[in-house]
Peer 1: 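Have a look at this one.
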Amino acid sequence: MKLLVIRFSSIGDLILTTPVVRCLKAAYPNAEIHFLIKKQFQQVMAANPYIDRHHIFDGDLKATIRALKQENFNLVIDLQKNRRSRKIRKALGKAWYSFPKLNIRKWMFVRLKINLMPDKSIVDRYFEAVKALKVYNDGKGLDCFMPGNQKTKVEDIPMGHGAGYVACVIGGSFFTKKFPVEKWQVFCRQCPYPVVLLGGPDDRPAGEAITQASPRNVYNACGKFSLAESADLVRRSRVVVSNDTGLMHIAAAFQKPIISLWGNTSPAMGMFPYYGQNNLKSHPSPLSVIIDNKKLSCHPCSKLGYAQCPKGHFKCMTDLDVTAMVSAVQKFWKKT
């Protein structure tokens, strides 16, 4: 049997599909599992041992369909569920399964502030796509497999961070998902432990501004390391403080304690840190602390994010309690 799993992007969304891939392989060990992914995110899944072959989508839909038709798949599992993935399913003409994306409920939550979202992770919704195949969640959480030759070395971080550090993920795909620089500065001044800042090249100037405010305990790693190396720095950390972004889910894959910061998006959408069996209300994880401003009347204002706050005040982030963040870090630090 040959199966095609479709999920184009992005880092966090791909990591959230890994339990499905793992459990598919466990249920059908002799099946070939193929994965369709965007070129720029290939490294996220490249080392996953449960995937037999990767197919790269580089924007040319017709060429992608031609290549996929040559494989003669038995079944398509669509974990993207958008216009492009539907075109691929239709063109292949094979049996397919997908998951409840709940776009109407998301719209009601964002526009009307009526929350009808189920109290469970999107991972559990992904598993509904394979329920007919008798594939069930094993409760082992997320996977993160990065190339072994891209692990960091002891000398890659300052000597003072060698005994442990807090990994602070300051990056994000949208401005309204990023904790402000001045708030990070306050946090780092109050944090009694060494801090490593993580993000991409675009986040480096923000990292420099944060470091200048607390030069003795903060190391700016933004833009210095590859994704795999940044993931390894997350793995080596004792506690993670993160915006709603891909490295947050990588931290959950490594079973790290996480203080997650939520701006215009909401964890109730199902994208909160997932450890295998937890949800937000009835079974929260002891490794996860959610810091958000859900009492704000305009929250959430988007399921993705914006380049600026639609209201102009950005209170969803600027009003987050730094003291609560530091307290949560201290509690986790002592336990680890």
Side-chain angles (χ1 to χ4, degrees), residues 150-172 175 177-263 273 286-292 314 317-336:
Q150 293 195 44
K151 288 188 176 180
T152 55
K153 304 178 181 63
V154 173
E155 58 268 26
D156 285 334
I157 59 175
M159 186 179 298
H161 290 58
Y165 56 85
V166 179
C168 291
V169 183
I170 69 170
F175 170 81
K177 295 175 76 171
K178 294 183 181 181
F179 198 50
V181 168
E182 58 272 19
K183 299 286 285 189
W184 279 119
Q185 290 172 333
V186 174
F187 169 81
C188 290
R189 282 195 294 265
Q190 294 184 14
C191 182
Y193 313 115
V195 170
V196 173
L197 305 178
L198 296 174
D202 292 343
D203 301 305
R204 186 150 188 81
E208 286 300 322
I210 298 166
T211 304
Q212 288 172 11
S214 303
R216 288 186 296 178
N217 70 319
V218 179
Y219 174 61
N220 181 17
C222 296
K224 286 188 175 182
F225 299 93
S226 68
L227 173 61
E229 290 167 334
S230 296
D232 194 55
L233 289 173
V234 167
R235 181 189 63 83
R236 292 172 57 187
S237 70
R238 289 180 65 169
V239 185
V240 177
V241 183
S242 178
N243 297 325
D244 171 22
T245 189
L247 281 177
M248 178 187 76
H249 298 293
I250 287 175
F254 290 130
Q255 299 288 309
K256 292 293 175 179
I258 301 170
I259 295 95
S260 57
L261 313 176
W262 298 80
L287 292 175
S288 175
V289 171
I290 304 290
I291 306 286
D292 65 357
F314 201 30
M317 275 296 194
T318 58
D319 284 357
L320 293 187
D321 190 345
V322 172
T323 301
M325 293 165 55
V326 174
S327 176
V329 167
Q330 290 176 307
K331 289 179 181 178
F332 281 137
W333 186 279
K334 291 174 183 177
K335 289 180 180 179
T336 58

Peer 1: State, yes or no, whether a side-chain contact exists between I290 and P273 at a heavy-atom distance under 4.5 Å.
Peer 2: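 Yes, their side chains come closer than 4.5 Å.
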
Peer 1: Nearest 0.5 angstrom please: K335 NZ to L287 CG, how far?
Peer 2: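 If we round to the nearest 0.5 Å, K335:NZ and L287:CG are 8.5 Å apart.
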
Peer 1: Give, for atom CG of L227 and atom CG of L198, the distance between the pair rounded to the nearest 0.5 Å.
Peer 2: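 Answer for the CG-CG pair, L227 versus L198, is 10.5 Å.
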
Peer 1: Say whether, by atom type as modelled, one donor and one acceptor occur between the side chain of N243 and the main chain of T245 under 3.5 angstrom.
Peer 2: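 It does not hold such a pair.
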
Peer 1: Could you tell me whether the side chain of R235 and the main chain of I250 form a donor-acceptor pair under 3.5 Å?
Peer 2: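 No, the answer is negative, given that no donor and acceptor are paired below the 3.5 Å cut-off.
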
Peer 1: Grab the two heavy atoms, one from R189 and one from A213, that are nearest each other, plus how far apart they are.
Peer 2: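 Closest approach of R189 to A213, heavy atoms only: NH1-CB, 3.7 Å.
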
Peer 1: Please name the pair of heavy atoms, one in H161 and one in P194, separated by the smallest distance, quoted to 0.1 Å.
Peer 2: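 Result for this residue pair: CD2-CB, 3.5 Å.
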
Peer 1: So which heavy atom on R238 is nearest to which on P257, and how close?
Peer 2: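 Here R238 and P257 meet closest at O-CG, 3.3 Å.
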
Peer 1: With side chains defined as the heavy atoms from C-beta onward, is the minimum distance between Y219 and D156 less than 4.5 Å?
Peer 2: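 Of all side-chain heavy-atom pairs linking D156 with Y219, none is under 4.5 Å.
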
Peer 1: Any side-chain heavy atom of L261 sitting closer than 4.5 Å to one from V241?
Peer 2: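 They are in contact (side-chain heavy atoms under 4.5 Å apart), so the answer is yes.
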
Peer 1: Quick one: does any side-chain atom of D232 pair with a main-chain N or O of T152 as donor and acceptor, under 3.5 Å?
Peer 2: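 Confirmed, D232 side chain pairs with T152 backbone.
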
Peer 1: Evaluate the side-chain contact (heavy atoms from CB on, under 4.5 Å) criterion for residues V196 and R236: first the C-alpha distance (whole Å), next the side-chain angles of each, then the deciding distance (0.1 Å), finally the verdict.
Peer 2: CA-CA 11 Å; V196 173; R236 292 172 57 187; over 6 Å; no

Peer 1: Dump the intermediate steps for side-chain contact (heavy atoms from CB on, under 4.5 Å) on M248 and I258, then the final yes or no.
Peer 2: CA-CA 8 Å; M248 178 187 76; I258 301 170; 4.1 Å; yes

Peer 1: For the backbone of N217 and the side chain of S214, can you confirm whether one donor and one acceptor N or O come within less than 3.5 Å of each other?
Peer 2: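 Here the side-chain-to-backbone pair does not exist.
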
Peer 1: Which residue pairs pass the salt bridge (Lys or Arg N to Asp or Glu O under 4.0 Å) test when at least one of the two sits in residues 193-209, sequence neighbours left out?
Peer 2: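 Every pair satisfying salt bridge (Lys or Arg N to Asp or Glu O under 4.0 Å) with a residue in residues 193-209: K178-D203, R204-E208.
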
Peer 1: If you look at every heavy atom in N220 and G207, which pair is closest and at what distance?
Peer 2: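 The answer is ND2-C, 3.4 Å.
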
Peer 1: Would you find a donor on one side and an acceptor on the other, under 3.5 Å apart, between the side chain of T336 and the backbone of W333?
Peer 2: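 Pair found, side chain donor or acceptor close to backbone of W333.
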
Peer 1: Hey, what do you get for CD1 (I259) to OG (S242), rounding to the nearest 0.5 Å?
Peer 2: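 Going from the CD1 atom of I259 to the OG atom of S242 covers 10.0 Å.
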
Peer 1: With a 4.5 Å cut-off on side-chain heavy atoms, are V239 and Y193 touching?
Peer 2: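 Answer no - side chains too far apart.
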
Peer 1: Taking NZ in K151 as the centre, count heavy atoms belonging to other residues, nucleotides or ligands within less than 6.0 Å. Is the count above 12?
Peer 2: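 At most 12 heavy atoms, drawn from other residues, nucleotides or ligands, come within 6.0 Å of this atom.
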
Peer 1: Minimum heavy-atom separation for V181 to I210, with atom names?
Peer 2: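 For V181 and I210, the tightest heavy-atom pair comes out as CG1-CG1, 3.9 Å.
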
Peer 1: What residues form a side-chain contact (heavy atoms from CB on, under 4.5 Å) with K256, not counting sequence neighbours?
Peer 2: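 For K256 the side-chain contact (heavy atoms from CB on, under 4.5 Å) partners, ignoring immediate neighbours, are S237, V240, A251, F254.
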
Peer 1: Aromatic rings W184 and F187: how do their planes relate, parallel, tilted or perpendicular, breaks at 30° and 60°?
Peer 2: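 Perpendicular: the ring planes of W184 and F187 meet at over 60°.
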
Peer 1: For residues P180 and M317, report the shortest heavy-atom separation together with the two atoms involved.
Peer 2: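 Reported closest heavy-atom pair: CD-CB, 3.8 Å.
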
Peer 1: Would you check if the side chain of Y165 reaches a backbone N or O of L233 as a donor-acceptor pair within less than 3.5 Å?
Peer 2: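 It does hold such a pair.
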
